[in-house]
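To keep things clear, I will list the structure first and then write my remarks on it.
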Amino acid sequence: MFPITSSLAACRLLSATTFKLSSRSICSTPALYSGHNRWSKIHRGKAIEDKKKSMRFSKAVNEIIAAARKGGSDPTTNAALASALRSARSLDVPKDNISAALAKAAGPVQAEDALIANTYEALGPGNFPLIIETLSNSATRTAKNVKLILKDKGGRSAPVAYAFRKIGKVVLRPRESATCDQVYDDVIEAGAEELDGEFNTEDPSQTELEITTSPSTLSSVQISLSSAPQDHIILESGFEYVPADPDAPSPELNKDDEEQLEKLCKALGEDPDVDVVWTLRGRWEEE
């Protein structure tokens with residue numbers, strides 16, 4: 001990653017194994033039971049996946065509603081909404097769900113529908129810092145759930161904001177026929193702080209550049225880069241928490257703490273009110 005003020009030269013370009021088992025059953029009952037048991041496992045597995053999918057959809061819809069209520073329903077002038085819409089589409093959220101979310105955001109806000117965004121600081125196993133972002137219609141319920149999960153999974157509430165820096169991040173694909181020089185100039189004029197990535201001079205459409213902004217200028221930078229005459233394509237945009245000191249080594253954890261940290265992050269991620277879990281290694285994603 002390099003600062004915008006740096007020289008232009010910095011802009012660069014199971015296998016599956018099948019086992020066949022031969023066996024002879026003395027009677028037919030075990031085989032029937034085995035088949036029934038297999039179906040039960042498949043059915044249960046599908047139910048779990050359906051539940052996870054439903055929760056992802058619900059979280060994506062809430063992000064759309066919250067972003068639209070805060071910054072308006074026009075994604076070309078609302079960076080948060082544009083990002084929420086792209087995220088929802090990448091998750092294959094049905095168009096009807098997205099339309100219903102936008103309509104709900106435009107309508108009157110009922111007390112029980114008001115979405116509240118909160119941020120919690122915590123230490124996980126091995127004193128590993130975490131930032132937990134939530135979005136729900138009940139701050140009391142959310143706070144209670146987060147504290148219970150932390151307690152149950154070996155974490156605790158603690159001030160850790162000092163270990164992180166909040167930034168704006170934009171992932172950009174240059175417009176057709178744009179040169180490296182032009183993109184570099186556009187990024188500078190938009191007010192970005194850093195630019196990272198390789199510019200494919202042979203096929204700019206295959207180029208993806210990461211742009212860092214301050215949280216307060218994310219929206220204006222995105223609008224500037226995506227509007228005429230720049231007309232670059234915004235692939236992603238949003239806020240991130242990164243290490244306050246990017247050169248500092250991440251805390252080392254033993255095997256047990258690593259496993260417990262994974263269980264904690266998974267439990268938090270499965271809570272309907274938890275939007276994102278940030279660690280010093282980046283955004284937590286279930287493997």
Side-chain angles (χ1 to χ4, degrees), residues 1 14 41 44-45 47-60 62-63 66 80 83-84 87-88 90-91 115-136 138-169 171 196 210 212 215 236-287:
M1 184 174 292
L14 306 168
K41 290 180 179 178
R44 185 164 60 249
I48 292 173
E49 286 304 312
D50 287 347
K51 182 178 179 180
K52 289 182 178 180
K53 184 177 181 180
S54 176
M55 184 171 65
R56 288 194 295 267
F57 284 7
S58 178
K59 289 184 178 183
N62 281 345
E63 287 185 6
S83 180
S87 177
S90 71
L91 292 171
L115 292 173
I116 306 165
N118 278 313
T119 301
Y120 299 87
E121 303 172 40
L123 284 173
N127 290 323
F128 200 85
L130 302 172
I131 294 289
I132 305 160
E133 293 187 303
T134 65
L135 185 63
S136 76
S138 173
T140 302
R141 180 192 67 228
T142 302
K144 179 180 178 181
N145 289 351
V146 169
K147 290 178 180 178
L148 285 175
I149 293 172
L150 288 172
K151 182 178 179 180
D152 184 56
K153 300 298 182 181
R156 60 186 174 87
S157 297
V160 298
Y162 67 88
F164 295 88
R165 180 169 71 99
K166 188 176 183 179
I167 63 170
K169 176 65 67 68
V171 179
D196 187 31
E210 289 192 358
T212 301
E236 297 177 29
S237 67
F239 300 109
E240 295 185 4
Y241 283 91
V242 298
D245 182 358
D247 298 322
S250 180
E252 293 186 9
L253 301 178
N254 59 42
K255 183 178 179 180
D256 183 61
D257 285 339
E258 284 282 6
E259 292 176 352
Q260 294 304 313
L261 178 63
E262 179 67 18
K263 290 179 180 178
L264 169 59
C265 290
K266 183 176 181 179
L268 287 167
E270 291 177 346
D271 186 278
D273 293 346
V274 174
D275 192 25
V276 185
V277 179
W278 297 98
T279 79
L280 291 179
R281 300 169 183 168
R283 177 174 180 154
W284 180 83
E285 300 282 359
E286 184 174 4
E287 297 180 355

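Position 1 is the first residue of the sequence; numbering continues from there.
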Mind checking the [atom1]-[atom2] spacing from [X] to [Y]? Nearest 0.5 Å is all I need.
X    : Y    : atom1 : atom2 : result
L264 : L150 : CG    : CG    : 6.0 Å
E63  : D275 : CD    : CG    : 4.0 Å
N254 : Q260 : CG    : CD    : 10.0 Å
L280 : L130 : CG    : CG    : 8.0 Å
I131 : Y241 : CD1   : OH    : 6.0 Å
T279 : E262 : OG1   : CD    : 10.0 Å

What residues, two or more places apart in sequence or in another chain, satisfy side-chain hydrogen bond (donor to acceptor under 3.5 Å, both in side chains) together with S237?
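Applying side-chain hydrogen bond (donor to acceptor under 3.5 Å, both in side chains) to S237 gives R86, Q222.
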Who pairs with R283 by side-chain hydrogen bond (donor to acceptor under 3.5 Å, both in side chains), at least two apart in sequence or on another chain?
E285
With a 4.5 Å heavy-atom cut-off, do V274 and I132 have their side chains touching?
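Yes, at least one pair of side-chain atoms sits under 4.5 Å.
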If you define the side chain from C-beta out and look only at heavy atoms, does anything of L253 sit under 4.5 Å from F128?
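In short, these two side chains touch, coming nearer than 4.5 Å.
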Which heavy atom of K59 sits nearest a heavy atom of G269, and at what distance?
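Scanning both residues completely, I find the closest heavy atoms to be NZ-O, 2.7 Å.
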Can you give me the closest heavy-atom contact between Y162 and A244, atom names plus distance?
O-CB, 3.4 Å
N/O donor-acceptor pairs under 3.5 Å from side chains in residues 116-124, not counting sequence neighbours:
{"residue": "E121", "atom": "OE1", "partner": "V160", "partner atom": "N", "Å": "2.6"}
{"residue": "E121", "atom": "OE1", "partner": "A161", "partner atom": "N", "Å": "2.9"}

What residue pairs, at least two apart or across chains, pass side-chain hydrogen bond (donor to acceptor under 3.5 Å, both in side chains) with a residue in residues 151-160?
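Qualifying pairs: none.
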Please list all pairs passing the side-chain hydrogen bond (donor to acceptor under 3.5 Å, both in side chains) test where one or both residues lie in residues 122-136, with sequence neighbours left out.
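Residue pairs with at least one partner in residues 122-136: E133-W278, S136-T142.
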Can you name the salt bridge (charged side-chain N to carboxylate O under 4.0 Å, His left out) partners of E240, sequence neighbours left out?
K169
